[in-house]
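Positions are given from 1 along the sequence.
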Amino acid sequence: MQTFEPNYVHQILFGISTEIGMSVKEFLPIQLKFLDSIKFNTEKGRQIGEDKIPIIKEEIVFLQQII
């Protein structure tokens with residue numbers, strides 16, 4: 001998943017929001033909902049999700065505060 005890539009903020013938040021014609025500020029809450037809805041089918045996926053999703057969500061909340 002691109003969500004777990006090191007360049008996530010640039011790739012997802014700026015790239016996709018631009019592609020769909022939405023500001024990053026508008027896109028951030030949608031991305032939080034997306035992260036909450038992810039369901040992993042493998043144990044490895046669940047493990048990665050449990051480790052990384054809370055960190056990514058914290059970063060998004062931080063971005064919401066500064067944008």
Side-chain angles (χ1 to χ4, degrees):
M1 290 183 56
Q2 290 178 323
T3 302
F4 301 138
E5 294 295 320
N7 62 349
Y8 164 77
V9 170
H10 181 265
Q11 188 171 303
I12 300 293
L13 300 182
F14 292 101
I16 292 180
S17 66
T18 300
E19 286 180 16
I20 62 175
M22 189 177 279
S23 73
V24 173
K25 188 174 184 174
E26 294 171 307
F27 190 69
L28 290 172
I30 295 168
Q31 191 62 26
L32 285 173
K33 289 179 185 179
F34 168 73
L35 291 169
D36 286 336
S37 71
I38 295 172
K39 303 290 184 236
F40 295 96
N41 295 317
T42 65
E43 184 58 37
K44 183 67 174 177
R46 286 187 286 277
Q47 181 182 28
I48 291 170
E50 288 173 7
D51 292 343
K52 294 195 176 204
I53 288 177
I55 295 166
I56 294 167
K57 288 173 71 175
E58 285 178 17
E59 292 171 350
I60 290 173
V61 169
F62 176 74
L63 285 170
Q64 286 178 308
Q65 294 170 354
I66 64 172
I67 290 181

Do F4 and D51 touch side chain to side chain, with heavy atoms closer than 4.5 Å? no

Check whether any side-chain heavy atom of I48 lies under 4.5 Å from a side-chain heavy atom of F40, and answer yes or no. no

Can you list the steps and then say if V24 with L63 is a side-chain contact (heavy atoms from CB on, under 4.5 Å)? CA-CA 9 Å; V24 173; L63 285 170; 6.0 Å; no

Under 4.5 Å between any side-chain heavy atoms of P29 and Q64, yes or no? yes

Listing request: all salt bridge (charged side-chain N to carboxylate O under 4.0 Å, His left out) pairs with a residue in residues 54-67, at least two apart in sequence or in separate chains. D36-K57

Rounded to the nearest 0.5 Å, how far does CD1 of I20 lie from CD1 of I30? 6.0 Å

Between NZ of K33 and CG of L35, what distance do you get to the nearest 0.5 Å? 12.5 Å

Look up atom CZ in F34 and atom CD1 in I12, then write down how far apart they are to the nearest 0.5 Å. 7.5 Å

Passes side-chain contact (heavy atoms from CB on, under 4.5 Å), K52 versus Y8? Steps please. CA-CA 12 Å; K52 294 195 176 204; Y8 164 77; over 6 Å; no

Out of curiosity, M22 CE to L13 CG, how far, rounded to the nearest 0.5 Å? 12.5 Å

Nearest heavy-atom pair of P54 and G49: which atoms, and what distance? CD-O, 3.6 Å

According to a hydrophobic-cluster definition based on side-chain heavy atoms being under 4.5 Å apart (Ile, Leu, Val, Met, Phe, Trp, Tyr only), do L28 and F62 belong together? yes

Set of side-chain hydrogen bond (donor to acceptor under 3.5 Å, both in side chains) partners for Q11, sequence neighbours left out: N7

Just how far is it from atom CG of L32 to atom CD1 of I56, taken to the nearest 0.5 Å? 10.5 Å

For the atom pair CZ (F27) and OG1 (T18), what is the distance rounded to the nearest 0.5 Å? 9.5 Å

